[in-house]
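Notes follow the structure.
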Number of protein chains: 2
Amino acid sequence: MTTEARRSQVSEGGIPNAGADVLTVPFGGAPMFTRARALRPTGKVLPEHARSHNRALVLQTLYTSGAQSRADVARQTGLTRVTISDLVAGLIAEGLVIELGQREDARPGKPATLIDVDRAAFHIVGVDLSEHQRFLGAVVDLDGGIVSRAEVALDGATGDAAVVLVADLVRRLLASTETPVLGIGVGSPGVVDPLGVVRSAPNLGWTDVDLQARLHDEFELPVHVANDANVAVLAEHGSSHQDDLLLVKVGHGVGAGLIIGGRPVIGGGFAAGEIGHVVVGTDGGPRCACGKHGCLEAWLAVPRLTAQLDALDPEAADAASAREEILAEAGRRLGIVLAPVVGALNLSEVVLSGPAELLDGALHDATVDTLRTRTMAEHNRDLRLRMTEQAEDVVLRGAAVMVLSGQLGVS
Amino acid sequence: MTTEARRSQVSEGGIPNAGADVLTVPFGGAPMFTRARALRPTGKVLPEHARSHNRALVLQTLYTSGAQSRADVARQTGLTRVTISDLVAGLIAEGLVIELGQREDARPGKPATLIDVDRAAFHIVGVDLSEHQRFLGAVVDLDGGIVSRAEVALDGATGDAAVVLVADLVRRLLASTETPVLGIGVGSPGVVDPLGVVRSAPNLGWTDVDLQARLHDEFELPVHVANDANVAVLAEHGSSHQDDLLLVKVGHGVGAGLIIGGRPVIGGGFAAGEIGHVVVGTDGGPRCACGKHGCLEAWLAVPRLTAQLDALDPEAADAASAREEILAEAGRRLGIVLAPVVGALNLSEVVLSGPAELLDGALHDATVDTLRTRTMAEHNRDLRLRMTEQAEDVVLRGAAVMVLSGQLGVS
DNA sequence: TCACGTTTGTTAGTAAAGCTTACGAACAAA
DNA sequence: TTTGTTCGTAAGCTTTACTAACAAACGTGA
């Protein structure tokens, strides 16, 4: 048998677009995308699914690129003007897109009619349950701008009382806006499953609390609930446009949110990102609330850092350098834990979220340093570690992104 | 404005199937799937893309469930009998599927015509470049069975000479089978980009070697090249049916392959899984070839372990326990590096690949122990660490899976 | 000024894909 | 023999996105 004859009858390229995978909602497929490899096919695809994907694509294009003509969208998406017109007509009928009148600038040809996502059409309610003393909430517009805020003191409330506080907060926020609300997004501490059930949140005394159902039943709006750090990384992903992203959230506890290949990582037990109680190094460390010694949280959590700093004598000659050293040590510990993760995932970007006065200085620098010396420089050359761009509002904004993404397929 | 009026005009469920994402090749979308969250839509979807997905779905169904009737496939996929008949007709015309005659068992109704993937129609050539002294190759059938083997001694060849050896090996394997070959899969050490260019493989003296093009040009068959550990984890994924999987490959070096959410992780610099040179612990360690101290590879690589074991006095009274301790220490070190990764990704399954006489005993047990004590037991309760089920042939079989997956969308 | 080219958005018709409906064939059980 | 079941196929419909063609509206250059 000649080489010629042995050649597979199957076309050289294999199945069309095999190996491509850019799916989104509910699937995807740009022929030129090459990063991911083929997967097991799961579930049929009907024409209407393709339609809803293309619809989301149009929304996404408008959302990120702003006002433009139908023809512009057609060029950008690769769909034809006819198809775009058709999809846009539907979106206008649904009130998601509006016509803005004709384009001003003078060009040859028929003047374009500008269209855009109707950014004033909806608000989103975002809730952040990650703080220790209070719940934060905000009404967020479609661009991620905070329209109004509200908060409620916890006063030690746990269990059902805490759930009631969340509902109260949401009720106040809903009352504060006249604009239709697209949905409610909640970032909760603890382990949250994909259906919005808080499996476990020790601080709040929650076990298997179906927050999604509770809020949905009361407010009859779409509700999305996820872990606070996992929510936070969505906010960062929205602005960073990086496909792989790790966000470390330092507060009363330490948690992480992870996006890989543009996709949030949930974890088999829905506990991805829970690195607070991973033991750091091989030389012991402070005793942690969980009983172990040298957990990341025992090194890095805000209460521990402030306690250490407060114990310093501010009059001492070396007060400043002692402060630096405390923060640098915490940063090194963070670097030690992150190094294997950064190495294994070949991450290109890590984001720190938390009090900038603690994180953004000696701590940050020590973490970078430790990461560089503990991983292979050659592979992680372009690793970036930076502070969040969202300041205090990462979780609130991330909750909004989660709703946006879940309801419109946009982020 | 009443709550009623404020309610979003957008349907409660958001866009159809938003939040669902089960895409495969080139996309997917089972409406009931809930794990992953919505993503940015990327790229349009045309009807023919949907078609090729459904085609792959049929192939996958037949491949994993074996011979069955068209009606069975219809029930299993959710597509109608008509559509299945149509798709199957195409697959039969392409020679990928064959009719096996009527079903034997006595049931009411018209007897079913059994169909199946024509498992004898194609062979796959798999190549494993990860060993230090020789290149391994095999002809693999569609079920992953090894049909024939070949190997070539490296004799210190590097650079282009090594590429020639790969081609020689492939040529011999191709000559050994009369069956049409679906494609060539190669697992190479080092950093390999998604186009099959070996960016860097120090052992082989390769920098930016376009192995995919070299082999494709010579043999005119589909060629897929990837990192050896990343290839190996594909083999394991094929049998384990776990959505999250980490495989640690211990040989002359130490590397890992990672599948998250059913998807191989490549990494921003295509170096995902390169954990061999991550520093372990905070107490120094043996000097590594890379210059650092205490790299995982310096603790765990096979040459280092065998050297340590060989240095033992076999006559000593405590020889056995000394041996155990050496392996246990290596296991602990592995556990220390894996703990942050397991915690951050909430992995449910970790697989060890390498010499069983070294890995499958004290080393394994120490790793499990270390993982348990260094992560949060509550979250990683059902973590499993096990030896590979594929023995020596992980890379060869994984290379076959890669071709199968890339060419047919099946795995 | 006016013909010409360009750009936009729409209309009309076509091709592809999967659906529903309907039917003949083949079998088991009554 | 009758009845009910199952299989695979044929015909026609619906959805979707495409191509082709066109009118409207604009700048440009002779």
Side-chain angles (χ1 to χ4, degrees), chain A residues 15-17 26-27 29-31 41 43-58 67-92 97 99-115, chain B residues 15-17 26-31 41 43-58 67-93 97 99-115:
Chain A
I15 65 169
N17 284 332
F27 39 73
K44 59 180 174 179
V45 173
L46 304 183
E48 61 256 37
H49 299 143
R51 177 79 167 181
S52 72
H53 171 89
N54 288 335
R55 197 193 83 122
L57 177 61
V58 170
Q68 56 197 303
S69 72
R70 291 170 174 84
D72 293 331
V73 177
R75 276 185 292 267
Q76 209 176 322
T77 59
L79 293 162
T80 62
R81 290 200 308 268
V82 182
T83 303
I84 295 299
S85 280
D86 195 31
L87 287 167
V88 166
L91 292 169
I92 288 177
V97 165
E99 293 199 332
L100 299 173
Q102 294 199 342
R103 180 179 268 146
E104 290 297 317
D105 61 344
R107 301 198 291 186
K110 174 179 172 178
T113 310
L114 293 178
I115 54 173
Chain B
I15 65 170
N17 283 334
F27 35 72
K44 59 181 174 176
V45 173
L46 303 183
E48 61 257 37
H49 299 140
R51 177 79 169 181
S52 72
H53 170 89
N54 289 335
R55 196 193 85 121
L57 176 60
V58 170
Q68 55 196 305
S69 71
R70 291 170 173 85
D72 293 331
V73 177
R75 277 184 291 266
Q76 208 177 322
T77 58
L79 293 161
T80 62
R81 289 202 307 268
V82 181
T83 303
I84 296 298
S85 279
D86 194 31
L87 288 166
V88 166
L91 291 169
I92 289 177
V97 166
E99 293 198 335
L100 299 174
Q102 295 198 343
R103 179 179 269 144
E104 290 297 317
D105 61 344
R107 300 196 294 184
K110 174 177 172 178
T113 311
L114 293 178
I115 54 172

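Every chain is numbered from 1 and lettered A, B, ... according to where its sequence line falls, protein lines coming before strand lines.
Distances shown here put every side-chain N or O of Thr80(A) at or beyond 4.0 Å from the OP1 or OP2 atom of dA17(D). In terms of phosphate contacts, Asn54(A) brings no side-chain nitrogen or oxygen within less than 4.0 Å of OP1 or OP2 of dT16(D). Applying the 4.0 Å criterion to OP1 and OP2 of dG8(D), one finds that Thr113(B) has a side-chain N or O inside that range.
In terms of position on DNA chain D, the residue among Leu79(A) and Gln102(A) whose nearest nucleotide sits closer to the 5' end is Leu79(A). With DNA chain C read from its 5' end, the first of the two nearest nucleotides for Pro111(A) and Gly78(B) is the one closest to Pro111(A). Along DNA chain D, the nucleotide nearest to Ser85(B) and the one nearest to Leu87(A) differ in position, and the one closer to the 5' end is contacted by Ser85(B).
Within the 3.5 Å criterion, the main-chain N or O of Gly78(B) finds a donor-acceptor partner in the side chain of Lys44(A).
For Arg103(B) and dA25(C), the CZ to P distance is 22 Å, given to the nearest whole Å. If you take CZ of Arg51(A) and C1' of dC18(D), they are 13 Å apart, rounded to a whole angstrom. Atom CG of Leu114(B) and atom C1' of dC7(D) are 12 Å apart (whole Å). Regarding Gln68(A), its CD atom lies at a distance of 15 Å from the C1' atom of dG9(C), rounded to whole Å. Arg55(B) places its CZ atom 12 Å from the P atom of dA17(C), with the value rounded to the nearest Å. For the pair His53(B) NE2 and dG18(C) C1', the computed distance is 13 Å after rounding to whole Å. Between the C1' atom of dA16(C) and the CG atom of Leu46(A) lies a distance of 14 Å, rounded to the nearest Å. With rounding to whole Å, Lys110(B) atom NZ is found 5 Å from dA25(C) atom C1'.
Closest approach of Ser69(A) to Arg103(A), counting heavy atoms only: N-NH2, 4.0 Å. When every heavy atom of Ala50(A) is checked against every heavy atom of Val45(B), the shortest pair comes out as CB-CG1, 3.7 Å.
Contacts of Ser69(A) with the nucleic acid, taken as non-hydrogen atoms under 4.0 Å apart, involve only primed sugar atoms and P, OP1 or OP2. The residue Ile84(B) sits apart from the nucleic acid: no heavy atom pair falls under 4.0 Å. When heavy atoms are screened at a 4.0 angstrom cut-off, Arg81(A) is found touching base atoms of the nucleic acid. Backbone-only contact: Arg75(B) has heavy atoms under 4.0 Å from sugar-phosphate atoms and none from a base.
Nearest to the side chain of Arg70(A), among dC7(D), dT19(D), dG9(C), sits dG9(C).
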Evaluate the criterion side chain to side chain contact (heavy atoms under 4.5 Å, CB included) for residue pair Asn54(A) and Ile84(A); output intermediate values, then yes/no.
CA-CA 9 Å; Asn54(A) 288 335; Ile84(A) 295 299; over 6 Å; no

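Partner of Arg70(A) under the side chain to side chain contact (heavy atoms under 4.5 Å, CB included) criterion, out of Ile115(A), Leu87(A), Thr83(A), Asp86(A): Ile115(A) alone.
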